[in-house]
Chemist: 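Before anything else, here's the structure in question.
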There are 2 protein chains.
Amino acid sequence: MLDHITNRWGIWVLLGLRHRELRFFELRDRIEGISEKMLSQTLRQLVADNLVWRRVEATVPPQVTYGLTEFGKGAADHLGGMFDWIRLNAASMMEDCPEEAAEG
Amino acid sequence: MLDHITNRWGIWVLLGLRHRELRFFELRDRIEGISEKMLSQTLRQLVADNLVWRRVEATVPPQVTYGLTEFGKGAADHLGGMFDWIRLNAASMMEDCPEEAAEG
DNA sequence: CAGTATCCAAAATGATACTG
DNA sequence: CAGTATCATTTTGGATACTG
């Protein structure tokens, strides 16, 4: 399952759904570069893993909405935390890395 | 860079180095299923990203040791935390998921 | 021991067209 | 709108042989 989460697209879907539930096309629009095929496939995996839920409204045209389960929220939280931490520390790391000298 | 960390093997290398520094063959042994090619490649990426350091001792036979930088330690920590959390919650999630009913 | 180079197989991805 | 099917391409991974 970690594979699905850390997949090329899994991360972005989970982070994309972090703030609110989204329709299929909203996700596709949010996650730039993703194809419909990959989005569909990734979503199916995440739904199967109980990280994401799927709600279909049998209207015309049909509306399908995706959101995070409680489990998915936790995962997205960890993921987001790590992501933020990396962005913060990567910046200061590139400027100057005094810790490296302390290693030896 | 997130790609490198969440790579198929990047995760396991970072987690493998979490407790202590290791030699090349120790890592290869620890991470079952990894080939020398993939290990070498993954390590080069992580070193380039400043997540891992590399120490060469010019002995015969040569000894090369890898370990986490301060930056890498932080990343491995986040990764390990998420990993543990998933393992814990995935188990209870599969048995019973009352939160799901509360969604609708 | 610690790699690198090469070649090959397998899997992931993408573009496009199509369906209900 | 929300997908699925198909095909071509790209990427990844592994086995093996070779080097210092």
Side-chain angles (χ1 to χ4, degrees), chain A residues 1-17 20-49 51-69 72 79 103-104, chain B residues 1-17 20-49 51-69 72 79 103-104:
Chain A
M1 180 195 319
L2 204 65
D3 270 6
H4 298 160
I5 296 176
T6 65
N7 236 351
R8 172 153 180 199
W9 298 116
I11 294 178
W12 306 115
V13 171
L14 287 176
L15 292 181
L17 291 173
R20 63 183 194 84
E21 57 190 64
L22 293 171
R23 303 272 297 280
F24 185 85
F25 77 93
E26 289 176 315
L27 268 170
R28 186 187 50 191
D29 188 57
R30 247 180 135 83
I31 305 169
E32 268 187 81
I34 198 171
S35 63
E36 293 181 353
K37 177 184 171 181
M38 284 299 105
L39 179 55
S40 170
Q41 187 174 302
T42 302
L43 282 168
R44 259 182 303 168
Q45 286 180 337
L46 297 178
V47 168
D49 288 341
L51 289 157
V52 169
W53 52 257
R54 178 182 193 264
R55 185 178 61 235
V56 184
E57 279 153 86
T59 57
V60 177
Q63 288 190 207
V64 183
T65 309
Y66 294 92
L68 296 177
T69 62
L79 221 45
E103 294 285 354
Chain B
M1 180 194 319
L2 205 64
D3 270 5
H4 297 161
I5 296 176
T6 66
N7 236 352
R8 172 156 178 197
W9 298 115
I11 294 178
W12 306 115
V13 171
L14 287 176
L15 292 181
L17 291 173
R20 64 183 193 83
E21 55 190 64
L22 293 171
R23 301 271 298 279
F24 185 83
F25 78 92
E26 290 176 315
L27 268 171
R28 186 186 51 191
D29 187 58
R30 247 180 135 84
I31 305 170
E32 269 188 79
I34 198 171
S35 64
E36 293 181 353
K37 177 184 171 179
M38 283 301 106
L39 180 53
S40 170
Q41 187 174 302
T42 302
L43 282 169
R44 259 182 302 168
Q45 285 180 336
L46 297 178
V47 168
D49 287 341
L51 289 156
V52 170
W53 51 257
R54 179 180 193 263
R55 184 177 62 236
V56 185
E57 279 153 83
T59 57
V60 178
Q63 287 190 207
V64 182
T65 308
Y66 294 91
L68 297 178
T69 61
L79 220 46
E103 292 288 354

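Throughout, protein chains are lettered first and strands after them, A, B, ... in sequence-line order, and every chain is numbered starting at 1.
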Chemist: Using a 3.5 Å distance criterion without hydrogens, assess whether the side chain of B:Thr65 forms a donor-acceptor pair with backbone atoms of B:Arg23.
Modeler: no

Chemist: Between B:Val52 and B:Leu14, is the side-chain contact (heavy atoms from CB on, under 4.5 Å) condition met? List the steps.
Modeler: CA-CA 8 Å; B:Val52 170; B:Leu14 287 176; 4.1 Å; yes

Chemist: Taking the side chain of B:Phe24 as its heavy atoms from C-beta onward, which of C:dG20, C:dA2, C:dT4 lies nearest to it?
Modeler: C:dA2

Chemist: Take atom NZ of B:Lys37 and atom P of D:dA15, then tell me their distance rounded to the nearest Å.
Modeler: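 Spelled out: NZ on B:Lys37 to P on D:dA15 is 11 Å.
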
Chemist: Classify B:Arg28 by what it touches in the nucleic acid, base, sugar-phosphate, or nothing, heavy-atom distance under 4.0 Å.
Modeler: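 No contact at all - B:Arg28 keeps every heavy atom at 4.0 Å or more from the nucleic acid.
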
Chemist: As an exercise, state the distance from CG of A:Leu43 to CD1 of A:Ile34, rounded to the nearest 0.5 Å.
Modeler: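 If I round to the nearest 0.5 Å, the distance is 7.5 Å.
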
Chemist: Side-chain contact test, heavy atoms from C-beta onward, threshold under 4.5 Å: evaluate it for A:Ile31 versus A:Met38 and give yes or no.
Modeler: no

Chemist: So which heavy atom on B:Glu36 is nearest to which on B:Phe24, and how close?
Modeler: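 Scanning both residues, the minimum pair turns out to be O-CZ, 4.0 Å.
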
Chemist: Check whether any side-chain nitrogen or oxygen of B:Ser40 sits under 4.0 Å from OP1 or OP2 of C:dG3, and answer yes or no.
Modeler: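 For B:Ser40, the contact criterion (side-chain N or O under 4.0 Å from OP1 or OP2 of C:dG3) is not met.
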
Chemist: D:dG13 P sits how many Å from B:Leu43 CG, rounded?
Modeler: 14 Å

Chemist: Take atom CG of A:Leu22 and atom P of D:dC1, then tell me their distance rounded to the nearest Å.
Modeler: 15 Å

Chemist: In whole Å, what is the span from the CD atom of A:Glu32 to the P atom of C:dT13?
Modeler: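 Between P of C:dT13 and CD of A:Glu32: 18 Å.
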
Chemist: First locate atom CD1 of B:Ile11, then atom CG of A:Leu2, and finally report the distance between them rounded to the nearest 0.5 Å.
Modeler: 4.5 Å

Chemist: For the pair made of CG in A:Asn7 and P in D:dT11, what is the distance, rounded to whole Å?
Modeler: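 After rounding, the gap between these two atoms is 16 Å.
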
Chemist: Can you tell me the distance, in whole Å, between the CG atom of A:Asp29 and the P atom of D:dG3?
Modeler: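 The distance from CG of A:Asp29 to P of D:dG3 comes to 16 Å, rounded to the nearest Å.
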
Chemist: May I ask you to evaluate whether B:Tyr66 reaches the phosphate of C:dC1, defined as a side-chain N or O under 4.0 Å from OP1 or OP2?
Modeler: no

Chemist: Nearest 0.5 Å please: distance from the CG atom of B:Asn7 over to the CZ atom of A:Arg8.
Modeler: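 So the gap between those two atoms works out to 11.5 Å.
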
Chemist: Any side-chain N or O of A:Arg23 below 4.0 angstrom from OP1/OP2 of D:dA2?
Modeler: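 For D:dA2, OP1 or OP2 has a side-chain N or O of A:Arg23 closer than 4.0 Å.
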
Chemist: Looking at D:dG14, C:dC1, C:dG3, which one has an atom nearest to any side-chain atom of B:Met38?
Modeler: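 So the side chain of B:Met38 is nearest to D:dG14.
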
Chemist: Quick check for you: among C:dG3, D:dA2, C:dT13, whose closest atom lies nearest to any side-chain atom of B:Val64?
Modeler: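 Per side-chain heavy atoms of B:Val64, the pick is C:dG3.
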
Chemist: To the nearest 10°, let me know how far the axis at one end of the helix from C:dC1-D:dG20 to C:dG20-D:dC1 is tilted from the axis at the other, five pairs an end.
Modeler: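 It comes to 40° between the two terminal axes.
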
Chemist: So does B:Arg8 get a side-chain nitrogen or oxygen closer than 4.0 Å to the phosphate oxygens (OP1/OP2) of C:dA10?
Modeler: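 No.
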
Chemist: If you assign each of B:Gln41 and B:Glu36 to its closest nucleotide in DNA chain D, which residue comes earlier from the 5' end?
Modeler: B:Gln41

Chemist: Return the value, rounded to whole Å, for the distance between atom CG of A:Leu39 and atom P of D:dG3.
Modeler: 8 Å

Chemist: Can you tell me how far C1' of C:dA12 sits from CD1 of A:Ile34, to the nearest Å?
Modeler: 13 Å

Chemist: Does A:Arg44 make a side-chain N or O approach to OP1 or OP2 of D:dG3 shorter than 4.0 Å?
Modeler: no

Chemist: Going by side chain to side chain donor-acceptor pair (under 3.5 Å), B:Tyr66 matches just one of B:Glu21, B:Glu26, B:Arg54. Which one?
Modeler: B:Arg54

